[in-house]
Amino acid sequence: MEKIINIDKAKLILKKGDITQEDTQAIVNAANPTLLGGGGVDGAIHSKGGTQILQECKKIRETLYPEGLPTGEAVITTGGNLKANYVIHTVGPICEKGLLDKDKENLLRKAYLNSLKLAKEKGIKTIAFPSISTGAYRCPLNESAKTALKTVIEFLKKENYIQEVRFVLFTDEIFKVYAKALEEIDV
Ligand code: ADP
């Protein structure tokens with residue numbers, strides 16, 4: 001299951017898969033503010049990536065974010081044992097009532113945008129995202145997919161640096177929602 005479109009000179013790819021297997025230069029982790037691991041994609045990245053990632057996350061907590069990483073911000077570590085050289089850790093919003101209101105939408109946008117900006121700063125040209133905030137953080141899949149795709153497309157249109165963005169979606173259902181959302185967006 002894969003869908004590829006061109007945005008100027010860059011490729012936007014939707015695929016079904018496990019993000020810990022991706023060979024992009026960076027993969028993005030839907031982390032929580034502690035940066036110390038958790039369930040879902042976060043747990044999978046730390047378990048496959050090994051302890052080096054956790055050590056670097058602890059250092060970031062001690063030096064830069066003693067109170068935890070604020071929602072919408074992003075930080076970077078190496079990829080440990082993963083194929084990817086880097087992991088970008090970002091924190092999406094929590095949708096307590098399952099609603100993506102304006103505030104939450106902005107925070108979700110920021111999580112994608114700050115991850116992309118950080119990638120560019122670090123010379124990363126290929127990056128993979130999971131569907132941030134749509135698991136344990138309970139944001140609605142369809143709206144969150146639209147926000148995710150719009151944010152990435154806007155960035156790729158404006159910035160010429162990143163060559164490939166992959167959305168690595170864990171199930172058929174999530175893939176289908178993203179594919180439909182992409183069809184509905186004016187690219
Ligand atoms: P959040 O707390 O931001 O909601 P979750 O990890 O709970 O993060 O869920 C985000 C998305 O990641 C969900 O769609 C979930 O199905 C998906 N997911 C879980 N494990 C993986 C994985 N190994 N690769 C890609 N996506 C994954």
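Atom set for the values below is all heavy atoms of this structure, side chains included, hydrogens, waters and symmetry mates excluded. Read the numbers this way: they start at 1 and go in the same order the structure lists the ligands and their atoms.
- Here the shortest heavy-atom distance to atom 14 (O) of ligand 1, taken over T171, V177, T90, I174, belongs to I174.
- Scanning the protein for heavy atoms near atom 23 (N) of ligand 1, the closest one is D18 OD1, 2.8 Å.
- Side-chain polar atoms of E56 and T78 form a donor-acceptor pair below 3.5 angstrom.
- Given atom 24 (N) of ligand 1, the protein heavy atom at minimum distance is I19 N, 2.9 Å.
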*Yes or no on side chain to side chain contact (heavy atoms under 4.5 Å, CB included) for Y161 and I124, after CA distance, side-chain angles and deciding distance?*
CA-CA 8 Å; Y161 192 77; I124 291 161; 6.0 Å; no
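- Listed for the N114 side chain is a donor-acceptor partner under 3.5 Å among the backbone atoms of G72.
- Ion pairing between D8 and K158 fails under the 4.0 Å rule for side-chain N and carboxylate O.
- Classification of K150 and E105 as a salt-bridged pair fails, no side-chain N sitting under 4.0 Å from a carboxylate O.
- F170 CB, 4.5 Å is the protein heavy atom nearest to atom 15 (C) of ligand 1.
- Any N or O atom pair closer than 3.5 Å counts here, and R138 shares no such pair with ligand 1.
- Nearest protein heavy-atom contact of atom 7 (O) of ligand 1 is A136 N, 2.8 Å.
- Of the heavy atoms in V168, only backbone atoms (N, CA, C, O) come closer than 4.0 Å to ligand 1.
- Here the side chain of Y137 pairs no donor or acceptor atom with the backbone of V91 at under 3.5 angstrom.
- For E184, the CD atom is densely surrounded, since the number of other residues' heavy atoms within 6.0 Å is greater than 12.
- Interface atoms of ligand 1 facing T134, defined by a heavy-atom separation under 4.0 Å, are 4 (O), 13 (C), 14 (O).
- Each of the atoms 1 (P), 3 (O), 4 (O) of ligand 1 lies under 4.0 Å from some heavy atom of S133.
- Among all non-hydrogen protein atoms, the one lying nearest atom 8 (O) of ligand 1 is A30 CB, 3.8 Å.
- Using a 4.0 Å cutoff on heavy atoms, G92 does not count as a contact of ligand 1.
- Counting protein heavy atoms only, atom 10 (C) of ligand 1 is closest to S131 O, 3.2 Å.
- The pair E96-K104 meets the salt-bridge criterion, since a charged nitrogen lies less than 4.0 angstrom from a carboxylate oxygen.
- Nearest protein heavy-atom neighbour of atom 6 (O) of ligand 1: V41 N, 2.8 Å.
- Note that K15 lies outside the cation-pi zone of F175, set by a 6.0 Å cut-off to the ring centre and a 45° limit from the axis.
- In terms of protein heavy atoms, atom 4 (O) of ligand 1 is closest to G135 N, 2.8 Å.
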